Each structure stands twice: as structure tokens, then as C-alpha cells.
Amino acid sequence: MDKLIIEGGQPLYGSIAISGAKNAALPLMASTLLAPGWHTLHNVPDLRDTRTMLTLLEILGARWERNGPTLRINTDQMTGVEAPYELVKTMRASVLVLGPLLSRCGFARVSLPGGCAIGARPINYHLLGFEKLGVSTQLEQGYVEARVQEGGMRGSTVYFDLPSVTGTENLLMASVVARGETIIKNAAREPEVGNLIDMLIAMGADIAGKGTDLLIVRGVECLHAGEATIIPDRIETGTYMIAVAAAGGMVTLTNCNPEDVPALADKLALCGVDIRNSSNSITVSCPEDQGESRCRLRSTDITTLPFPGFPTDLQAQFMALMVQGDSTSIIHETIFENRFMHVPELKRMGADIAIEGSRAIVRGVGRDVLNGAPVMATDLRASASLVIAGLAATGRTEVSRIYHLERGYEDMAGKLQRLGARVNVIRA
Ligand code: EPZ
């Protein structure tokens with residue numbers, strides 16, 4: 001089993017470039033199913049999940065060619081409408097092919113994604129939205145079968161109980177060629193949704209309301225191949241910002257968008273971390289302080305919320321920081337029901353954390369108390385949390401099951417090495 005070996009206690013110095021966003025690349029890649037021709041996507045990260053999406057698109061008939069960060073995808077030949085269980089169980093974002101397949105082919109058969117480490121992850125909002133557009137859905141042996149009814153899809157008003165990110169993205173891709181106007185209320189406002197809207201408009205779609213929770217889609221006759229640039233990964237950006245705060249030092253993150261991490265930047269400033277922005281870079285520093293190797297951290301509370309609130313995808317990483325705080329931090333996870341899998345592993349490194357329902361009570365143990373240990377990754381962001389703790393800890397940390405990490409972070413070991421961290425990947 002592949003492991004990441006970290007010799008902790010080393011502050012981080014230097015500059016690294018942020019990659020394209022995983023959670024933008026996946027919907028934009030799926031959107032190429034909407035129209036034939038050669039689509040072009042720039043700044044596409046090379047990740048386990050983007051490779052899985054390419055495999056899925058191939059199963060559906062697509063051809064592709066990659067030239068560094070530029071990916072070209074051709075979907076002239078649609079040879080399938082099914083996303084198989086073997087693939088969907090490895091990446092639940094495969095459900096994002098539902099919307100485009102309904103628009104392009106009128107039918108889709110996609111394995112229910114099933115739960116994952118962080119929660120049940122239902123897709124009922126997606127299916128309810130499709131039904132409002134004139135799609136019949138049924139569950140057959142663990143697969144969702146969705147079929148456009150006689151007369152084709154027609155615009156309607158769709159309301160999300162919770163602003164589902166992939167739910168919003170699926171409904172956008174299903175409504176772009178539906179007859180008439182579709183209004184999506186309580187839509188997700190994450191930047192990745194805006195990036196998808198850019199791509200759909202480049203393909204000829206008519207969408208208003210980008211960046212708001214009210215999206216208006218006017219159906220068009222047909223779409224054509226599009227071109228777009230994947231936005232910088234705000235979760236990767238936040239992960240490295242937190243890593244510097246935890247390990248100490250000073251790092252500049254380039255090719256990123258400071259406006260996409262508003263809540264985290266505010267919280268890190270409250271902790272006492274220094275953050276300076278340019279239009280496309282962020283410099284984070286946590287300098288030596290009164291003889292300590294890193295600046296003192298003021299314990300700070302967070303509550304995870306839909307964008308622009310504090311992202312649930314940075315909760316585990318922030319917790320790894322707060323275990324070094326100067327008092328107590330309350331971390332309230334409101335999005336997923338089981339997103340504290342990193343807690344037992346952090347406690348093995350010396351953290352003092354108690355869980356009470358959806359809240360984690362993190363009693364800061366100050367700097368230089370965490371000790372390296374063998375730990376196991378359980379999901380993508382929990383893995384990042386353990387890496388951050390390992391960087392801050394004294395001694396050696398071995399993070400196993402790092403395939404979780406490789407799903408969403410491009411060359412993390414290489415980027416950390418360039419910042420002076422003592423990390424190595426051991427391939428089993
Ligand atoms: C997206 O997942 C992201 N994944 C997740 O990132 C992220 O954590 C999540 O949004 C929240 O920001 C991608 O974009 C590929 P939701 P998604 O639908 O769309 C409930 C990562 O680490 N819900 O916004 O699946 C759901 O259970 C991943 O990169 C329903 O009840 O999340 C959750 O409580 C992890 N029914 C809440 O809504 C539905 O039909 C938000 O989920 C859909 C969602």
C-alpha cells in the first residue's frame with residue numbers, strides 16, 4: 001500500500017503554483033457530452049478523479065487527447081448511455097453525466113453512487129429536478145434509469161432544499177436545451193458552478209444569474225463544442241494556506257484566486273496568521289514568535305456552510321491546525337453527517353478532541369506537542385488533514401492509503417518538497 005512519509009517540524013518556504021480545480025474539471029468534462037465536435041479545456045489537473053472521468057467518457061464513446069494541462073474531448077460518436085457501478089463506486093461525481101446524457105440522448109442509466117466515508121450522499125434533489133423537466137426516473141438493481149418523456153424536456157421551476165453543488169450542475173446541463181425557461185432556486189453558488197456556466201455559455205447556452213442562488217436558463221435549439229479554462233482549485237489553495245500556518249514559514253501560492261477563499265482567509269487572520277494577496281497570488285506567513293518556531297495560534301471557531309461560508313472541504317485541514325491552538329476551538333460540520341473520520345487519527349498524534357454530534361471540541365495543545373505516528377487516510381480531505389498534522393508534528397508520520405490523496409491533489413509530495421518539507425512517497 002502506498003504511503004507518504006513525513007519528517008515533521010520543518011517550516012515551509014518558497015512558492016508553488018495551484019492547479020486547476022478538481023470540482024470544476026469534473027462537471028466541465030461531463031458537459032462535453034452535450035454537443036459533438038472537439039471541446040477544449042485548459043488548466044485541467046492530472047488527478048485520479050479526472051482520469052476516472054476520462055475513462056467514463058470513453059465508455060460513453062468519447063475520444064480525447066491531452067497536451068499538458070490542455071485537454072481536448074470529442075463526443076461525435078455516442079456509443080453508450082450507462083455509467084457502470086464499478087466506476088461510479090470509485091467516484092460519485094460520475095452522476096454528473098446524468099444531465100448531459102438526458103439532453104443529448106434522452107436516456108441515461110447511472111449506478112446510484114452509494115455512500116462514501118463522509119456520508120450517505122443521496123441524489124434525490126437531482127432526480128426531483130429532472131422529473132420537473134419531464135423526465136421519468138426509476139431505480140433498477142441499484143441503477144437510476146432516467147428517460148425523457150414524449151415531447152422532450154420542458155422548462156420548469158426547480159427548488160433545492162439544500163444548495164446542492166452537483167445537483168445544480170446536473171440541472172443546468174439538463175435544462176440548457178429544454179423547451180422554454182427553467183428557473184433554479186436555492187442554487188449552489190460555488191465558483192465551480194460559475195465555471196460550468198462559463199463553459200455552457202461558450203457552447204451556446206443561454207444562462208443568467210451566475211454567482212447567485214437564482215439561475216435562469218432559456219432553452220436553445222442546439223449546442224456546439226466549447227472552450228473554457230478550469231478555475232484554480234480553491235480547496236487546494238486553502239489546504240496549503242493551512243499547511244503553512246501549521247508548519248510555520250512563509251509561502252506564496254501562485255495561479256490562485258484569493259476571492260475564492262474568503263472565509264478561510266478571515267479565520268486564519270483571526271488565528272494570527274499573516275495573509276497578503278495580489279490579484280492571482282496569496283502569501284501566507286506564520287513567522288517565528290518569541291523564540292517559538294511558529295507564530296502563536298489563537299483558537300478560532302468555524303461552522304461549515306455552502307459558499308461563501310467556510311467550506312466543508314477545508315474542515316478537516318483546519319482542525320489539524322486548531323489542535324495547536326492556544327485554547328479551545330469549536331468546529332461545527334453542518335454539511336455532511338460523518339466528516340470527522342480524521343479525528344481518531346489526529347488523536348493518535350497527540351491531539352485533544354471530543355466529538356459531540358456535529359461538533360468537534362478541539363482543545364488546543366499549543367505548538368510542539370504533536371508527535372508523528374503511523375496514520376491511515378479514510379477520505380480525500382481527511383488525508384490532507386493528516387499530512388498537515390504530520391508537517392507540524394515532531395518526528396515521523398506515515399500516511400497510508402494515499403490513493404485518497406491522489407484523487408484530489410496534483411503532485412502534493414512534489415509541491416511540499418519544493419517548499420522544503422521532508423516528505424517522500426513509498427510505493428508498495
Ligand atoms: C460537492 O459534492 C463536492 N464534490 C464535494 O467535494 C463538496 O464537499 C460538496 O459539494 C459540498 O460543497 C464535487 O463537486 C464533485 P452537495 P456534492 O450535493 O455535490 C445533501 C471533495 O472533497 N444532498 O452540495 O455531492 C448532501 O447529503 C468533495 O472534493 C441531498 O440530501 O454535495 C449534503 O448533506 C467531497 N440530496 C448536502 O446536500 C441531494 O440530492 C450538500 O451536498 C444532493 C445533496
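We number each residue from 1, following the sequence as shown. Just follow the structure's listing: the first ligand is 1, and inside any ligand the first atom is 1. All values below come from the heavy atoms of this structure, side chains included, with hydrogens, waters and symmetry mates left out. For clarity, every value in this text was computed on a predicted model and none was experimentally measured.
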Which residue owns the protein heavy atom closest to atom 1 (C) of ligand 1, what's the atom, and how far is it? Val165 CB, 3.9 Å
With a 4.0 Å heavy-atom cut-off (strictly under), which part of Thr166 contacts ligand 1: side chain, backbone, both or neither? both
Backbone N or O of Pro45 within a donor-acceptor pair of the Thr50 side chain at under 3.5 Å? yes
Looking at Asn124, which atoms of ligand 1 are within less than 4.0 Å of one of its heavy atoms? 30 (C), 31 (O), 36 (N), 39 (C), 40 (O)
Is there a heavy atom in Arg339 that sits closer than 4.0 Å to ligand 1? yes
How far is atom 25 (O) of ligand 1 from the closest protein heavy atom, and which atom is that? Arg92 NH1, 2.9 Å
I need the single residue from Asp260, Val261, Ile335, Ile235 that forms a side chain to side chain contact (heavy atoms under 4.5 Å, CB included) with Pro311. Which is it? Ile235
Within the structure, is a non-hydrogen atom of Gly119 found at a distance of less than 4.0 Å from ligand 1? no
Only heavy atoms of Ile123, strictly under 4.0 Å: list the atoms of ligand 1 that pass. 39 (C), 40 (O)
Ligand 1 to Ile335 polar contact by distance, N or O atoms, under 3.5 Å: yes
Which residue and heavy atom of the protein sit nearest atom 5 (C) of ligand 1, plus the separation: Asp313 OD2, 3.8 Å
Quick one: look up the protein heavy atom nearest atom 22 (O) of ligand 1 and list residue, atom name and how far away it is. Arg381 NE, 2.9 Å
How close does the nearest protein non-hydrogen atom get to atom 18 (O) of ligand 1, and which residue and atom is it? Ser164 OG, 2.7 Å
